[in-house]
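Below: one structure, written as structure tokens.
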There are 2 protein chains.
Amino acid sequence: MGKHCRWRERLQNHGYRLTIPREVIIELLRNTKEHVSAEDIYMEIHKKYPAIGLTTIYRTLELLAQMKMIVKFDFGDGRARYELSEEYGTKKHHHHLICTKCTKIIDYTDFVDEELELIEKTEKRLSKKYNFQLSGHAISFTGTCKDCKE
Amino acid sequence: MGKHCRWRERLQNHGYRLTIPREVIIELLRNTKEHVSAEDIYMEIHKKYPAIGLTTIYRTLELLAQMKMIVKFDFGDGRARYELSEEYGTKKHHHHLICTKCTKIIDYTDFVDEELELIEKTEKRLSKKYNFQLSGHAISFTGTCKDCKE
DNA sequence: CTAACTGCAAATTCTTTGCATTAGT
DNA sequence: ACTAATGCAAAGAATTTGCAGTTAG
């Protein structure tokens with residue numbers, strides 16, 4: 001596991017209940033390397049827990065996103081994707097390389113230190129200039145992956 | 001206008017026709033500072049050109065995006081937004097500050113030079129490492145704007 | 001002339017909501 | 001017990017598609 005995972009107490013401290021669906025969904029997110037959609041989660045979970053409905057997936061994802069325990073992404077294919085945020089997940093800070101042909105996503109962790117440094121500096125400056133309370137950032141590159149190149 | 005605008009010849013060179021709807025849509029994009037949705041465009045255009053349908057807007061936007069004359073964004077409110085890409089638009093290189101409360105978007109052009117430098121370096125390195133043909137990048141910050149802060 | 005383009009209506013796809021039931025605390 | 005959370009079915013919203021008529025080159 002590597003990292004502490006206080007999501008249970010976090011939920012409860014905020015007055016939310018600890019339910020099977022939430023447990024299962026978060027567990028799945030913790031064990032996934034992919035950027036999963038609501039439907040992906042549903043299909044996967046459905047094998048073991050056929051009683052859990054798609055609606056619950058959506059509602060849980062919304063809750064978790066609002067609590068900033070997960071991050072919602074749009075990679076341009078019309079469905080939202082989710083991943084645990086850094087504090088709760090098992091992946092380190094990374095950004096995305098999006099293939100616009102096949103919608104494959106590559107997570108890259110290279111060079112992010114340099115990026116992060118610049119980002120933080122920029123955040124401070126923007127925050128001051130626009131009186132904006134920053135809560136997150138996203139960097140992504142789009143292009144064509146090696147398989148789609150020819 | 002400030003900048004040359006060769007979109008007509010660009011379309012024609014690719015075998016596409018120069019039609020009223022396309023003319024009108026691009027003209028609107030050139031005169032808009034906002035990040036407009038398909039619906040926004042439709043509503044605006046509809047005043048003067050009630051014969052142009054929403055479907056055509058979508059199809060035109062798809063065409064233009066595919067030709068990289070416009071860029072499609074998702075700011076998290078479930079509808080796509082569009083803006084002319086740098087070569088065809090009237091705005092300089094910028095990034096987005098997205099208020100997650102009211103979905104207001106601030107374009108910032110501050111500090112982008114430094115960013116751009118890093119981005120270009122990163123692009124080169126990623127491109128080599130992952131054998132990925134890069135075509136674009138996006139940086140965005142999310143948070144709460146000054147009006148939504150209290 | 002003829003293939004690209006368009007508009008309309010219908011279809012699709014993703015996501016949200018209403019409501020009666022279930023289950024945490 | 002009390003209320004949040006759930007599942008189902010239905011609704012909603014954004015975007016896409018089929019097709020017959022129109023238009024640019």
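In the text below, chain A, chain B and the rest are named by the order of the sequence lines, each starting its count at 1. This is a predicted model, so every value here is computed, not measured.
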> Hey, mind stepping through R30(A) and T90(A) against side-chain contact (heavy atoms from CB on, under 4.5 Å) and telling me if it holds?
Replying inline: CA-CA 7 Å; R30(A) 287 181 62 79; T90(A) 52; 4.2 Å; yes
Let me know the distance between [atom1] of [X] and [atom2] of [N], rounded to the nearest Å.
| X | N | atom1 | atom2 | answer |
| --- | --- | --- | --- | --- |
| L11(B) | dG25(D) | CG | P | 10 Å |
| R79(B) | dC14(C) | CZ | C1' | 14 Å |
| L61(A) | dA5(D) | CG | P | 15 Å |
| D40(A) | dC14(C) | CG | P | 10 Å |
| L54(B) | dC8(C) | CG | P | 10 Å |
| Y42(A) | dT6(D) | OH | C1' | 13 Å |
| E9(A) | dT25(C) | CD | P | 12 Å |
| I57(A) | dC8(D) | CD1 | P | 12 Å |

>> Nearest 0.5 Å, please: how far is CD in E27(A) from CH2 in W7(A)?
In response: 7.0 Å
>> Between Y82(A) and L63(B), which residue's closest nucleotide on DNA chain C lies nearer the 5′ terminus?
In response: L63(B)
> Are OP1 or OP2 of dT16(C) and a side-chain N or O of Y58(A) less than 4.0 angstrom apart?
Replying inline: no
> When you check the phosphate oxygens OP1 and OP2 of dT6(D), does a side-chain N or O of R22(A) lie under 4.0 Å from one of them?
Replying inline: yes
>> By nearest heavy atom, map D77(B) and R59(A) onto DNA chain D; which one lands nearer the 5' end?
In response: R59(A)
> Starting at the 5' end of DNA chain D and moving along, which residue's nearest nucleotide shows up first, T19(B) or R81(B)?
Replying inline: R81(B)
> The side chain of I20(A) lies closest to which of these nucleotides: dG24(C), dG25(D), dT6(C)?
Replying inline: dG24(C)
> Of the candidate nucleotides dT15(D), dT6(D), dT15(C), which contains the atom at the shortest distance from the side chain of A38(B)?
Replying inline: dT15(D)
>> Any base atoms under 4.0 Å from Q12(A), or only sugar-phosphate, or nothing? Heavy atoms, all strands.
In response: sugar-phosphate
>> Under 4.0 Å, counting only non-hydrogen atoms across every strand here, what does R17(A) touch: a base, just sugar-phosphate, or nothing?
In response: base
> Are any side-chain N or O atoms of R8(A) and backbone N or O atoms of L18(A), one a donor and one an acceptor, separated by less than 3.5 Å?
Replying inline: no
>> Is the terminal nitrogen or CZ of R81(A) (NZ for Lys, CZ for Arg) located under 6.0 angstrom from the six-membered ring centre of F75(A) and within 45° of that ring's axis?
In response: no
> Are side-chain N/O atoms of Y16(A) and R22(A) paired as donor and acceptor at under 3.5 Å?
Replying inline: no
